[in-house]
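What follows is a single structure, written as structure tokens, with notes after it.
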Amino acid sequence: MNIEEKIVNVITQILTDKYGITADEGMVMIEIPKDNGNGDYSTNIAMRLTKVLKRRPQEIAEEVREELLKRLDFVDDIQIAGPGFINFWLRKDAMANIINTVIEKGDAYGHSDAGKGLKVLEEYVSANPTGPLHCGHARGACWGDSVARIMNAAGYECTREYYINDAGAQMLNLGKSLLGRYRELFGLDFEMPEDGYYGPDVIEIAKEIKEKDGEKYLNMPKEEAIEELREVGRELELNRIKKDLAYYRCSFDSWISEKWILSEGLVEDSIEKMKKMGLLYEKDGALWFESSKYGDDKDRVLVKSDGYYTYLTPDIANHIHKFDRGYELLVNIWGADHHGYIARMKAAMEALGYPRDNLQVDLCQMVRMIEDGKEVKMSKRTGNAITLRELIDDIGIDCARYFFLSKALDTHLDFDLTLARTQSNDNPVYYVQYAYARICSVLRQAPNGFHVQDFYGLLNDPKEIDLLKYISTFTDVVADCAINRTPNKICNYVQKLATYFHSFYGACKINDVNAPELSNERLALCEATRITLKNALNLLGVGAPEVMENKENNE
RNA sequence: GUCCAUGUAGCUCAGCUGGAUAGAGCAUCCGCCUUCUAAGCGGACGGUCGGGAGUUCGAAUCUCUCCAUGGACGCCA
């Protein structure tokens, strides 16, 4: 148990003993004041009690303070300040206990059971297998991946799933486009659909098919060829997507396809279910879902008058299937263009009896690529949208992921390619990685390594205390980021942790032959920092290099 | 028109489940390498938190309203 938790527990106990109040979770809050003059920790509990007790906050604070002084053995002083804050100053050695906690837990430092094993299914990327992933997908991809890493660290059981949209008109279009490109390779007359796929990937795949199958598709009826090429194209495009995602360090536990859902009869089942529940009606030859009764703007068509399903219909079956598999919380990361779609899916889930909030949709806003202050819409090489692969070949995986993850998902993102390319202090990802490499260097240079001690009594420089305190908040930060699905806050954490370390490094000589005891304690602090930083970077899927290449060599 | 975001320093953004004097990076300026990685550190400058009203011990944070920007509003996917 860390110091914050201890304080929270004692305060909670005091509320019960003294005022007969059972504190809800989140009632007692402990924070680290921005200003060191306000103590090492602080709580606003006295102010929060004013409404309940109908008394002045200062009076309450004074009473709580007296109780705290009796019950806490690791505090040096407690004072009341301002409108009723209770501020704590800790004994100098109390803070340093975090070092051994971190070292003992190692890779697991930062983990918690905040999620209480809740089974979560996170669906993300889910791009149609009709072409390569582009920069917009790149944002949602690393975001979803990082959210899953964070949730799993915080005690959720998060499964990552990719919904392959492979049953619609888009796929037919791919088949047609492939046939066109394929015939082109033989020098035959060919036609490309007006809204076909003109990217280089289709030409490359057509070549692959030609090499493998020769003239096979020339010797069959056109419709048949399109159908077969659609299937072959789906596999090859999907393999490319899988490869890109893996390279980008985005992993998936499950790939589920729209076609599979259809072939299993899940769509008929869900329509049948909704019919029985009286949620559907027929009008103008189509089958409608009365979603407007569940918060949607208007009702939605499930089966068109031509007999085909709308996009929504198999996706409802998909979501039912998720709940049926025992997932308690569904998280979807959707492009902002799917905004209007949220209300209908939530309506469908609610109508079917699933609590509305068990489906959470996080929207990924648009990404604009900026180069030298101007928007670049197209890749110079291909003339098409810039692909994920091009982006990471250009700036590197660490950099791409960090840039996307550092901004809240629902804000428009201007991605500064020029900045991302700079290997200098302008570039925030290097700042953090440099701190990590620096720590490793310091640890390497310790003449005899270091050993863990039972107590660390010599760490009392303000820079050391700041660093210790900040390390101790990591577990709470991870839990908070998991609950709110905000990897960008891990980026903030990592920046700040690096700053505290650099600052400590500048102020304190770590390897000092004239002060071996102090050196040992400082090295232990370095090790705790290193572990924390590495774990944090791992949650982002960003590398922690032990050596930073020299800047000049990178020109 | 309806719905949803967003609006914070010159720029890019944190902070938003109400807390103390609103933060960081970049840019600008001033210091610090004979010393463990200067891709670093310390400091200065920079603000009507889009405008207005309200809620209360307290508002960048919550409510209302107005303004601005972006997106979504299909028997497309």
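Because only heavy atoms are used, hydrogens play no part in the values below, and waters and symmetry mates are left out as well, while side chains stay in. Naming: A, B, ... by sequence-line order, numbering from 1 per chain.
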Show the distances under 3.5 angstrom between N or O atoms of the protein and N or O atoms of nucleotides 6-10 of chain B.
none

**Study point:** Separation of atom OH in A/Tyr402 from atom C1' in B/A14, rounded to whole Å
**Key:** 11 Å
**Study point:** Interatomic distance at P, B/A27 relative to B/A22, whole Å
**Key:** 25 Å
Exercise for review: Take atom P in B/C45 and the same atom in B/C30, then report the distance between them in whole Å.
Suggested key: 15 Å
Revision key, fill the gap. Answer for the Watson-Crick or wobble partner of B/A22, both distances under 3.5 Å, is none
Check your understanding: Can you tell me how far C1' of B/C16 sits from CE of A/Met29, to the nearest Å?
Key -> 12 Å
Review point. Say you pick atom C1' in B/C13 and the same atom in B/A60; how far apart are they, in whole Å?
Key: 14 Å
Review point. Can you tell me the Watson-Crick or wobble partner of B/G42, both distances under 3.5 angstrom?
Key: B/C30
Point to revise | Between B/G19 (P) and A/Asn87 (CG): distance, integer Å | key: 15 Å
Point to revise | Distance between P atoms of B/G52 and B/A9 (Å, rounded) | key: 16 Å
Exercise for review: Starting at the 5' end of nucleotides 72-77 of chain B, put B wherever the base has a protein heavy atom under 4.0 Å, S where only the sugar-phosphate does, and a dash everywhere else.
Suggested key: S-SBSB
Review point. For A/Leu533 and B/A39, what is the distance between atoms CG and P respectively, to the nearest whole Å?
Key: 17 Å
**Study point:** Distance in angstrom units between A/Gln495 CD and B/C41 P, rounded
**Key:** 10 Å
Exercise for review: Using the P atom on both, measure B/G71 against B/C76 and round to a whole Å.
Suggested key: 23 Å
Exercise for review: Return the stacking result for B/A20 and A/Phe85: yes when the ring centres lie under 5.5 Å apart and the planes under 30°, no otherwise.
Suggested key: yes
Review point. How close or far is atom C1' of B/C13 from atom CG of A/Leu405, stated in whole angstroms?
Key: 15 Å
Point to revise | Nearest-angstrom distance, P atom, B/A20 to B/A39 | key: 37 Å
